[in-house]
Amino acid sequence: MEASRDLAALSVPLIGELVAMDDPWDPYRLTDPAGQPIEGAGAFLRDLQGAGRSAATARSYGMDLLRWFRFLWAVEVPWDRASRLDARDFSRWIQIAG
């Protein structure tokens, strides 16, 4: 039986940040609550750039990643341990919480 989260009571703090960089090779950087870069997110953003996507696209995806990481931090799940159920709960939470 799968565990159920109380998403209605979940408080997701506004921690971490998507930082605009003054660097054409690294236009945006996602940082954790301690201000440290999140390397997995950085690699993804570099891959976007390598695929020819604009800095605006990187910013948009970076903001989405920031919401995902904030949710994971709130439910205390490391990003490399997130499961299908965590993704489902995130999707449910984002639809209601806005």
Side-chain angles (χ1 to χ4, degrees):
M1 179 188 270
E2 75 183 52
S4 179
R5 283 192 181 105
D6 184 1
L7 296 174
L10 182 63
S11 175
V12 177
L14 301 178
I15 55 178
E17 185 177 12
L18 183 66
V19 180
M21 308 298 291
D22 190 22
D23 180 352
W25 300 104
D26 190 16
Y28 291 96
R29 184 173 296 159
L30 190 62
T31 62
D32 66 16
Q36 297 301 308
I38 300 171
E39 185 47 41
F44 176 75
L45 295 175
R46 286 188 297 277
D47 287 348
L48 278 178
Q49 186 183 50
R53 303 302 186 263
S54 71
T57 297
R59 182 187 181 285
S60 179
Y61 278 59
M63 292 302 295
D64 292 338
L65 284 169
L66 179 58
R67 288 192 251 326
W68 169 241
F69 274 89
R70 285 176 173 169
F71 176 83
L72 290 176
W73 293 325
V75 297
E76 300 180 349
V77 173
W79 76 270
D80 58 346
R81 300 279 189 195
S83 70
R84 179 187 61 80
L85 296 177
D86 298 315
R88 179 207 61 194
D89 285 352
F90 171 71
S91 208
R92 292 177 63 216
W93 172 79
I94 203 97
Q95 290 177 51
I96 304 299

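Fair warning: this is a prediction, and the values are worked out from it, not measured in the lab.
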Query raised in the report: Near Asp22 CG, under 6.0 Å, is it more than 12 heavy atoms from other residues, nucleotides or ligands?
Result: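 No.
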Query - Whether over 12 other heavy atoms sit under 6.0 Å from Arg70 CZ - result: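 More than 12 within 6.0 Å, yes.
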Requested in this report: Measure up the Trp68 and Phe90 rings against each other and bin them: parallel (under 30°), tilted (30 to 60°), perpendicular (over 60°).
Outcome: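 Ring orientation of Trp68 relative to Phe90: perpendicular.
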Heavy atoms only: give me the nearest [X]-[Y] pair and the separation to one decimal.
X	Y	answer
Leu45	Ala58	CD2-O, 3.6 Å
Trp93	Val12	CZ2-CG2, 3.4 Å
Leu72	Asp86	CD2-CB, 4.4 Å
Arg29	Asp26	NH2-OD2, 2.5 Å
Arg5	Leu85	NH1-O, 4.3 Å
Ala55	Tyr28	O-CE1, 3.3 Å

Quick check for you: to the nearest 0.5 Å, what is the distance between [X] atom [atom1] and [Y] atom [atom2]?
X	Y	atom1	atom2	value
Arg53	Asp47	CZ	CG	11.0 Å
Arg59	Leu48	CZ	CG	14.5 Å
Leu66	Ile15	CG	CD1	9.0 Å
Asp89	Leu10	CG	CG	9.0 Å

Query raised in the report: Hey, are the side chains of Leu30 and Phe44 touching, using non-hydrogen atoms and a 4.5 Å cut-off?
Result: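 They are not in side-chain contact.
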Report task. Flag the pair Ile94 / Phe71 as yes when at least one side-chain heavy-atom distance between them is below 4.5 Å, and no otherwise. Result ->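 The answer is no, as the side chains (C-beta and beyond) never meet within the 4.5 Å cut-off.
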Query raised in the report: Between Ser60 and Thr57, is a side-chain hydrogen bond (donor to acceptor under 3.5 Å, both in side chains) present by the stated rule, with each step listed?
Result: CA-CA 5 Å; Ser60 179; Thr57 297; over 6 Å; no
Query raised in the report: Do Arg46 and Glu39 meet the salt-bridge criterion of a basic N to acidic O distance under 4.0 Å?
Result: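 A salt bridge is present here (some side-chain N lies under 4.0 Å from a carboxylate O).
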Query - In one Ile/Leu/Val/Met/Phe/Trp/Tyr side-chain cluster, 4.5 Å: Phe69, Met21 - result: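 In one cluster: no.
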Query raised in the report: Among the clusters formed by ILVMFWY side chains lying less than 4.5 Å apart, do Val19 and Tyr61 turn up in the same one?
Result: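 Unlinked, Val19 and Tyr61 end up in two clusters.
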